[in-house]
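In listed order, ligands and their atoms are each counted from 1.
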Amino acid sequence: MNTPTTAQHTAGEAPAIILPDPESIFLTRAERFDALALHHGLGEWLAFLGRLSRAQDKALKAAEPDLAPPATETLELARKHRMPPVSVASFQRPIVWHDILRSIVGDLLENAPVGARETLDALLLTSAEELDKLAEKLLNGEPERADMDRLPYIAAAMQVVFTAVASKLDATALPRMEAHSTCPVCGSHPVVSVIRSEGPTAGLRYVHCTLCNTEWEVPHATCVTCGDREKVTLHEIDGDDGIARAESCGACESYMKLIVQGPNARVDPIADDLASVALDMLVDDAGFVRSGPNYLLIGAGE
Ligand SMILES: [Zn+2]
Ligand SMILES: [Zn+2]
């Protein structure tokens with residue numbers, strides 16, 4: 001878990017918004033994927049995603065100096081109009097993202113499973129123009145079936161870009177969004193929510209952005225999608241470790257998972273979400289539709 005980076009954060013007071021820590025975010029995720037892969041039916045896939053997270057960490061640290069936050073005027077304007085300042089709809093994607101993608105793909109190719117090798121090779125041959133189009137489709141459009149294999153890697157590179165930029169903002173100067181389901185940095189949806197167990201945020205629930213890894217507080221037992229507090233129900237798998245639960249809403253028929261941080265467990269929102277797909281099946285079967293995407297799962301099942 002990342003630590004709060006708000007400038008004026010005082011002890012005992014929980015921040016409303018927590019920005020990602022670029023030093024540790026992808027490394028912690030990689031370690032969590034490694035641990036989850038050890039005793040899991042999807043172990044090989046989770047181990048591969050651990051390598052992907054490690055490649056993201058390396059790419060972020062190399063590209064970090066080239067990833068600048070928006071200009072002060074843009075930040076001011078966003079604050080005034082309560083808009084996300086690094087919005088996926090308008091933020092000019094820095095050209096260095098092509099290098100980030102190539103670095104991630106190169107690292108994975110060193111020991112890639114047969115199924116992934118073809119896609120990774122294809123990505124190295126994809127023109128810069130086509131890569132930009134794929135990124136646009138991922139973030140703002142309707143991806144096509146033919147794009148699905150390549151999109152998790154495009155998403156991984158975009159996560160690096162938006163996470164690095166988010167980490168350079170001032171959390172105390174960000175606008176609060178009207179909807180619980182809108183990231184106050186990039187405007188994307190949250191992937192899951194996390195019940196934190198340490199420090200001033202202990203016991204509070206934060207939702208975690210699927211793209212930029214920013215977290216923002218949302219009250220317990222409140223539907224993240226529609227705000228309903230009456231028809232919220234918790235689901236979990238009997239005999240499970242209790243880390244992943246799902247909160248469904250009878251008002252809008254959506255659900256979002258809750259990842260519960262134990263006293264010693266180094267859980268990660270993205271990794272623990274993917275390790276608990278059985279819970280998704282349970283809640284899907286009960287008739288609820290998942291509200292937030294996990295970009296590393298995009299295209300699975302196509
Ligand atoms: Zn975000
Ligand atoms: Zn709802």
Side-chain angles (χ1 to χ4, degrees), residues 2 5-6 15-22 25-26 29 56 60 67 69-70 74-75 78-79 82-91 93 97 135 138-140 155-171 173-194 205-235 246-258 268-270 273 283-284 286-296 298:
N2 39 357
T5 54
T6 50
I17 297 170
I18 302 173
L19 297 174
D21 177 356
I25 183 86
F26 292 113
R29 184 162 302 155
Q56 286 179 294
L60 187 153
L67 294 166
T74 311
L75 293 172
R79 191 175 153 86
R82 289 182 79 186
M83 300 286 283
V86 194
S87 165
V88 285
S90 57
F91 179 65
R93 290 186 270 285
W97 93 266
L138 170 82
L139 298 177
N140 291 311
M158 281 298 146
Q159 284 176 338
V160 169
V161 171
F162 281 86
T163 300
V165 174
S167 75
K168 295 179 180 182
L169 301 176
D170 174 2
L174 288 169
R176 282 304 299 264
M177 298 292 112
E178 236 159 89
H180 292 315
S181 59
T182 305
C183 172
V185 170
C186 77
S188 296
H189 290 302
V191 55
V192 292
S193 54
V194 179
R205 169 171 69 165
Y206 287 79
V207 292
H208 190 101
C209 178
T210 191
L211 182 67
C212 77
N213 288 298
T214 293
E215 296 191 345
W216 60 103
E217 203 232 325
V218 174
H220 289 281
T222 304
C223 173
V224 175
T225 304
C226 76
D228 185 84
R229 297 182 61 88
E230 307 293 322
K231 295 181 176 169
V232 173
T233 311
L234 273 183
H235 309 250
E247 189 178 82
S248 69
C249 171
C252 70
E253 298 187 335
S254 77
Y255 77 90
M256 177 170 287
K257 278 195 215 159
L258 285 169
D268 175 80
I270 302 242
D273 177 35
V283 193
D284 284 345
F288 297 101
V289 177
R290 186 176 159 120
S291 60
N294 189 323
Y295 275 154
L296 301 187
I298 198 167

Closest non-hydrogen atoms of Trp216 and His180, given as atom of the first, atom of the second and distance, are NE1-O, 2.8 Å
Side-chain donor-acceptor contacts of residues 181-193 below 3.5 Å, not counting sequence neighbours, with atom names and distances?
residue	atom	partner	partner atom	Å
His189	ND1	Ser181	O	3.0
Ser193	OG	Arg205	NH1	3.4
Ser193	OG	Lys257	O	3.3

Exercise. Are the aromatic rings of His235 and Phe288 close, with centres under 6.0 Å apart?
Worked result: yes
Which of Val207, Val194, Leu234 passes side chain to side chain contact (heavy atoms under 4.5 Å, CB included) with Leu258? It is Leu234
**OP:** Please check if atom CE in Met83 has more than 12 non-hydrogen atoms from other residues, nucleotides or ligands closer than 6.0 Å.
**Re:** no
So the angle subtended at the Zn ion (ligand 1) by Cys209 atom SG and Cys183 atom SG, rounded to 10 degrees, is 110°
Near the Zn ion (ligand 2) (protein N/O/S, cut-off 2.8 Å, waters excluded) we have Cys223 SG, Cys226 SG, Cys249 SG, Cys252 SG
Review point. Quick one: are Glu247 and Met256 in side-chain contact, heavy atoms under 4.5 Å?
Key: no
